[in-house]
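One structure below.
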Amino acid sequence: MKLLENIDFDMDKWSFALEHFRQCNDNEFEENIIDKLYEYLEFQLENIELWNVLRENITRLNEFPEYNDSRKVIPLKDVYYKLTPKKLIPRYKYLFDDAWPAVLDCKFDQQGHEISHKQKDAVNYIYRIKKFEGIKELINSVEYPSIIGSYMYNKNIDDEVFDSINENDKMNNFASQYLFKKSVQYENWADDIIQKILNESFDDDKVIFILTSLNPNCDIWRNVKLFKENIQDNYWLNLKDYRHCQTSKEGKYYVKKLLRYSKHDEIIEFIGHNTDKLEATFIGDTLTNMELDDEYFKSNEYRGKQLLKILNENNYDKEKLIKLEFRLSSSFRFERMNYDLKIHEEMSISPQLISRLIKIRKNGDLQSRSQCSTIIERWSVIPGTDLDGNINYEFLQKWFNGCLELIEEKDETYFYSILGRVLSKSSEDNGIWPRKEICRFIDEINNPKLKNSFKSSIKMKYATYSKSIYDGGRREKNIANKYYEYAEKIVDDYPVTAKILFEVSKKFENDAKYEKFKSDNIDYEYD
């Protein structure tokens with residue numbers, strides 16, 4: 001009530017008061033705000049700001065009539081209609097000042113249709129009364145002039161539109177949408193326009209604007225070849241928002257053109273939207289031929305993972321795919337893929353690849369070292385593993401010996417740290433963990449660096465977790481028991497591996513005691 005006493009002509013206060021009016025059930029306040037509105041009308045019969053505020057609040061009351069008092073709408077509407085601007089352009093401007101303008105007399109689920117209907121009617125009415133000059137006046141006064149272009153495509157105003165191109169940004173937004181919509185709706189219209197600009201004297205900037213505004217497809221691209229080279233170059237450099245191709249032929253042509261101008265980001269996005277139209281071989285070869293910027297995939301992991309998965313599922317050339325997986329490794333730097341990468345499968349076969357990756361990690365440039373680390377850290381395919389998860393011990397041993405022959409002695413510590421982590425990814429086999437082939441391998445190698453890495457990798461599996469402060473070490477106790485049982489089952493046949501598991505169990509047993517002590521001694525008092 002205090003607000004109403006001092007509301008005057010302050011639109012922020014009116015907006016706040018009307019919002020309260022819409023939501024409250026205070027009869028005295030409701031009566032007072034209506035009285036204030038009529039007082040306002042006595043002093044000022046035109047105020048577009050208040051008119052807009054009223055419409056927004058009336059719209060909110062109408063959106064869900066089952067939850068609002070419809071009686072509130074009637075006095076607001078009376079004031080609203082009295083405030084309606086007499087001038088034509090201000091009366092309809094609100095429809096194009098917002099991407100989702102408030103409109104009267106419809107429920108929430110009807111608003112999209114009603115907005116479109118009112119916008120179309122407004123454009124047609126203004127054009128009928130004031131012709132193209134009225135449309136230009138509207139365009140230059142609103143926030144979203146492109147919407148107007150969507151409703152003017154059926155008018156015969158091509159020459160007026162061409163003349164208005166490059167007058168200002170708003171006219172360009174309108175013209176671009178007009179040209180696009182018209183080229184979509186009328187099959188042969190674009191051909192006629194291209195012939196027109198070929199035969200008449202249009203400056204290059206205007207030609208490029210018109211061409212890039214037309215709905216892009218093979219027919220348009222065929223005609224673009226009729227223009228001089230600098231216009232063709234600028235067409236492909238400025239073409240935007242082409243996301244979905246109709247045919248594989250059209251998509252390939254578009255990608256090849258973009259490759260010529262090194263528009264790599266656009267190519268990646270386009271391919272990602274059209275994987276159902278483009279063959280995996282074409283996608284893979286395109287990515288292979290591009291000098292991909294690793295930074296792109298750091299900010300767009302989804303796209304990189306999507307494309308790698310498609311190439312993997314479609315058996316793209318293994319050697320090329322391995323190189324792509326290395327270059328696109330940023331796509332999965334924070335998580336493993338839900339399938340085995342070809343580079344990981346190859347690492348489990350080829351000692352030469354392991355040796356090469358270790359050298360890159362040590363001597364490569366910053367980006368290569370980062371990519372190499374990501375690949376190595378996400379590797380979990382144990383050498384010698386078949387499709388059923390069984391491990392060929394002889395192959396594992398041969399692979400290991402081959403690696404030692406190729407790796408420099410000073411790099412062996414790092415190699416063992418990698419190998420220990422991979423071996424810790426072993427699956428369980430009839431209650432035995434790790435699998436017997438891994439146990440045999442660790443026991444026979446009996447290398448302290450390998451044993452330390454294997455043990456550390458087991459511990460790291462449980463490094464990140466959350467639990468209640470009242471858990472009392474139960475989680476750690478369960479882990480300790482699990483590894484003790486594993487160790488008991490293999491201690492007679494594989495004492496070296498069993499010793500590692502006993503040590504892991506002891507570590508978690510001590511952690512359990514410490515957590516139990518903390519839980520039993522929680523200080524419940526606040527200082």
Side-chain angles (χ1 to χ4, degrees), residues 1-65 68-108 111 114-130 133-145 147-148 170:
M1 299 299 287
K2 213 52 165 158
L3 175 70
L4 289 182
E5 289 176 13
N6 299 279
I7 199 164
D8 296 323
F9 299 103
D10 189 317
M11 281 304 114
D12 289 334
K13 292 180 180 179
W14 273 108
S15 181
F16 185 83
L18 285 165
E19 184 176 342
H20 184 62
F21 170 85
R22 194 176 78 237
Q23 297 173 348
C24 78
N25 291 303
D26 182 337
N27 291 333
E28 184 183 359
F29 178 79
E30 292 175 13
E31 290 172 5
N32 272 273
I33 196 170
I34 297 301
D35 289 342
K36 280 285 181 181
L37 281 169
Y38 282 107
E39 284 179 25
Y40 189 100
L41 286 176
E42 292 178 11
F43 291 99
Q44 198 166 358
L45 269 176
E46 279 203 21
N47 187 308
I48 292 177
E49 284 187 89
L50 181 58
W51 184 63
N52 285 329
V53 170
L54 279 168
R55 184 180 57 260
E56 288 167 6
N57 282 275
I58 294 169
T59 300
R60 299 297 168 264
L61 284 165
N62 282 331
E63 280 179 339
F64 302 100
N68 292 306
D69 185 353
S70 60
R71 292 172 300 175
K72 288 187 174 186
V73 173
I74 297 170
L76 292 186
K77 271 191 171 183
D78 182 56
V79 177
Y80 174 79
Y81 288 128
K82 285 182 169 65
L83 283 170
T84 300
K86 303 297 184 290
K87 292 182 179 179
L88 191 60
I89 303 304
R91 194 187 315 161
Y92 295 109
K93 181 176 178 294
Y94 77 92
L95 288 166
F96 310 97
D97 270 342
D98 197 314
W100 191 263
V103 294
L104 300 187
D105 302 326
C106 64
K107 295 181 181 179
F108 180 78
Q111 285 185 3
E114 189 65 19
I115 289 168
S116 178
H117 177 72
K118 286 183 179 294
Q119 287 173 336
K120 183 177 180 181
D121 282 353
V123 167
N124 287 333
Y125 183 63
I126 292 170
Y127 182 70
R128 187 167 70 250
I129 301 299
K130 302 187 72 172
E133 284 307 309
I135 295 298
K136 283 187 72 172
E137 186 182 346
L138 179 66
I139 289 167
N140 286 308
S141 67
V142 301
E143 294 295 324
Y144 293 90
I147 299 173
I148 302 167
K170 289 188 175 184

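Along the sequence shown, residues carry numbers from 1.
Side chains of Met11 and Asn47 form a contact here, defined as non-hydrogen atoms less than 4.5 Å apart. Under the 4.5 Å side-chain criterion, counting only non-hydrogen atoms from C-beta, Pro75 is not in contact with Glu30. Contact of the Thr59 side chain with the Phe108 side chain is not registered, since no non-hydrogen atoms from C-beta on lie closer than 4.5 Å. Side-chain contact check for Leu76 versus Leu37: some heavy-atom pair is nearer than 4.5 Å. For the pair Leu95 and Val103, the minimum side-chain heavy-atom distance is below 4.5 Å. The side-chain heavy atoms of Asp121 and Tyr92, taken from C-beta on, include no pair separated by under 4.5 Å.
When all heavy atoms of Cys24 and Phe29 are compared, the closest pair comes out as SG-CD2, 3.9 Å. Shown here for Ile48 and Pro90, the closest heavy-atom pair between the two residues is CD1-CB, 3.7 Å. Shortest non-hydrogen contact noted between Arg91 and Pro85 is NE-O, 3.3 Å.
Atom OH of Tyr38 has more than 12 heavy atoms from other residues, nucleotides or ligands within 6.0 Å. The local environment of NZ in Lys36 is crowded, with over 12 non-hydrogen atoms from other residues, nucleotides or ligands closer than 6.0 Å. Other residues, nucleotides and ligands contribute over 12 non-hydrogen atoms within 6.0 Å of the NZ atom of Lys86.
Under a 3.5 Å cut-off, the side chain of Lys72 and the backbone N or O of Phe21 do form a donor-acceptor pair. Remark: the backbone N or O of Val142 is paired with a side-chain donor or acceptor of Lys170 at under 3.5 angstrom. Side-chain atoms of Asp98 never come within 3.5 Å of backbone atoms of Tyr94 as a donor-acceptor pair (strictly under, hydrogens ignored). Of the possible donor and acceptor atoms, one in the side chain of Asp97 sits under 3.5 Å from a partner among the backbone N and O of Glu143.
With sequence neighbours excluded, no residue satisfies salt bridge (Lys or Arg N to Asp or Glu O under 4.0 Å) with Glu19. Under the rule for a ring pair (Phe, Tyr, Trp, His ring centres under 6.0 Å), Tyr81 has no partner lying at least two apart in sequence or in another chain.
The aromatic rings of Tyr80 and Trp51 lie parallel to each other, their planes meeting at an angle below 30°, with 60° marking the opposite boundary.
Salt bridge status for Lys118 with Asp105: absent, with no side-chain N to carboxylate O gap under 4.0 Å.
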query = Passes side chain to side chain contact (heavy atoms under 4.5 Å, CB included), Ile147 versus Val123? Steps please.
reply = CA-CA 10 Å; Ile147 299 173; Val123 167; over 6 Å; no
key: Ile33 vs Trp14, side chain to side chain contact (heavy atoms under 4.5 Å, CB included): CA-CA, chis, key distance, verdict   = CA-CA 9 Å; Ile33 196 170; Trp14 273 108; 4.1 Å; yes
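Asn52 and Arg55 share a side-chain donor-acceptor pair at under 3.5 Å.
Summarising the geometry, atom CG belonging to Leu41 is positioned 7.0 Å from atom NZ belonging to Lys82; distances are rounded to the nearest 0.5 Å.
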